[in-house]
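Everything below concerns the one structure shown next.
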Amino acid sequence: MAGPKTFYLTTPIYYVNDVPHIGHAYTTLACDVLARFKRLDGFDVKFLTGTDEHGQKVEKSAEKAGIAPQAFTDRVSQNFRDLVSLMNYSNDDFIRTTEPRHVASVQALWKVLEERGEIYLGAYAGWYSVRDEAFYGEDELTTTPTGKKIAPTGAECEWVEEPSYFFRLSAWQDRLIAFYEANPDFIAPASKRNEVMAFVKSGLKDLSVSRTTFKWGIPVPGNDAHIMYVWLDALANYITAVGYPNTAEGSEFAQRWPADLHMVGKDILRFHAVYWPAFLMAADLAPPKRVFAHGWWTIEGQKMSKSLGNVIAPETLVNTYGLDQTRYFLLREVPFGNDGDFSHKQMVARVNGNLANDYGNLVQRVLSMIGKNCGGVVPTPGPFTEADNALLGAAHGLLDVVRAEIDAQAFHKALDALWAVIGDGNRYVDEQAPWTLKKTDPARMATVLYVLAETIRHLAILTQSVMPDASAKILDQLALGPDARGFGTLGPAGALVAGTPLPTPQGVFPRFVEPTAE
RNA sequence: GGCAGCGUAGCUCAGUGGUAGAGCAGGGGAAUCAUAAUCCCUUGGUCGGGGGUUCAAAUCCCUCCGCUGCUACCA
């Protein structure tokens, strides 16, 4: 029998030398929400994140710390595993590029590329700055009167040639363009797609894929003097994690590859949208289905930078505003794909306005009335009026709308749609005035509160992926068990059963109160 | 420099040919179930400047001003 539909999505592997900040948290958060949503929607999901642990910088940092590179990465990669528990990520795997499974995978990929004639040994030549550890293009340099070449950074450059393996990227230009044109949704957002296509159309040069200047990396099979260029190493993590090089029928690779989505920051889009599909096609493997490049966060209107000292640790946000509040803010505040600004003022506005007042208070006022006026059980509804059916219809219609937005990674629009129904719910409470019905028509009050409870059930089930903890608390208060929280229970089929005892309601989204100055 | 995009209410943005919109902020009112949380009404814009096409332009064209991204090998 055919299993459930699969969904494989990945974050970039984070460079282990970095300290996790809001940007890392954001990328993985977006994936986490997608992964949770897809699981609730019945998919067999694999959600991968991990750390990129090779390269010259790691080698040097380890040296500076006075320990072996492996011991160094063992230590610092913990920062990113800590981020997982802090942010409540639900990844199914955490890959490290120093793991044996990955070394084997990358070397296998290399051999395939070499056998197919996609990699050749040549020489990499260019103007190199020892101080900057970087090559510069001729047009970037200025020439002094004495004929010295000076980099934009002011460092002196020398002409360097070193043997290097090259990937025949230039041969893939036309096939990449054809691929983009045949798959218009491969790169998102659309503006980024245009940039990538312009880049490819401007002409591709063969890509240097090995180095001889450092040792901390995966050796080229059959030529230990060469270490694989980090991007070939890093990108291949996505196939390692599904078992490459085992691509046999029935293998995990056969089941899950190509990946449904690679989520990346906009700075590394090119590697994922140009080099990676070229590597894969060259190895006769399918390119991923989609690469989404999201934007950057500024802090109170300023770029994040170490020198400004305004880098925000995710832990600070979680401790200050709450975990689900932070998750909500990051996805609601900015159209996904755009750059965004984090400000305390906006965060408080979201926490208090959207969460405490709109959503939290709707839940609280309804559950509280049920608790006090319906004997603490799910009330028994009578016949539905037009207004009842309008609200229920809006709730029942949410899944299709939200699913479409989530599938397009339009998290902000998905949340907009949910909040529209929250607004409908609050309006309905005021119009129906159950506190008045309590005296005039208790049976009608029961119907109104039932309709509201049903609406809240839909909202809480659909907010689970963004706010897992808070949504679980609401579902607990509706006495819905683990089996009653998937999207399959949405709609009338999974409706609340009258008479079910409910626990005493408790607030889920506290207001943010400014700490009083000492 | 080249290519692409943006500039709409105090703020964040939606609106791509047919009488200017949303949320938040501001003002007024109602209600009292609820975390003083909600609901209703409302102030506010010559849609960056100028020119053009059209019966009709925020929307199409030209031009100017301002801002942003991309223009390959640190990851």
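The figures that follow rest on heavy atoms only: side chains count, while hydrogens, waters and symmetry mates do not. Residue numbers begin at 1 in each chain, while the letters A, B, ... track the order of the sequences.
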Hey, are A:D407 and A:R290 close enough for a salt bridge, meaning a charged N less than 4.0 Å from a carboxylate O? no
Phosphate oxygens OP1/OP2 of B:U38: is one of them under 4.0 Å from a side-chain N or O of A:R427? no
Across the strands shown, which category fits A:Y229 at heavy-atom distances under 4.0 angstrom: base, sugar-phosphate, nothing? sugar-phosphate
Under a 4.0 Å N-O cut-off, is there an ion pair linking A:R96 with A:D52? no
Describe the nucleic acid contact of A:S208 in one word from base, sugar-phosphate, nothing, applying a heavy-atom distance below 4.0 Å. base
Quick check on the 6.0 Å ring-centre criterion: do A:Y328 and A:W419 meet it? yes
B:C6 - base-pair partner by Watson-Crick or wobble geometry, distances under 3.5 Å: B:G66
Considering every strand and a 4.0 Å limit on heavy-atom distances, what is the contact class for A:A349: base, sugar-phosphate, or nothing? nothing
A:I227 vs A:I218, test: side chain to side chain contact (heavy atoms under 4.5 Å, CB included). Steps then yes/no. CA-CA 6 Å; A:I227 297 299; A:I218 299 177; 5.8 Å; no
Within the 4.0 Å heavy-atom criterion, would you say A:G360 contacts the bases, only the backbone, or no part of the nucleic acid? base
For the pair made of CG in A:N194 and C1' in B:C6, what is the distance, rounded to whole Å? 14 Å
So does A:K372 get a side-chain nitrogen or oxygen closer than 4.0 Å to the phosphate oxygens (OP1/OP2) of B:A34? yes
Classify the nucleic acid contact of A:D339 as base, sugar-phosphate or nothing, counting any heavy atom under 4.0 Å across all strands shown. nothing
Side-chain N or O of A:N357 less than 4.0 angstrom from OP1 or OP2 on B:U38? yes
Answer yes or no: does a side-chain N or O of A:R511 lie under 4.0 Å from OP1 or OP2 of B:A37? yes
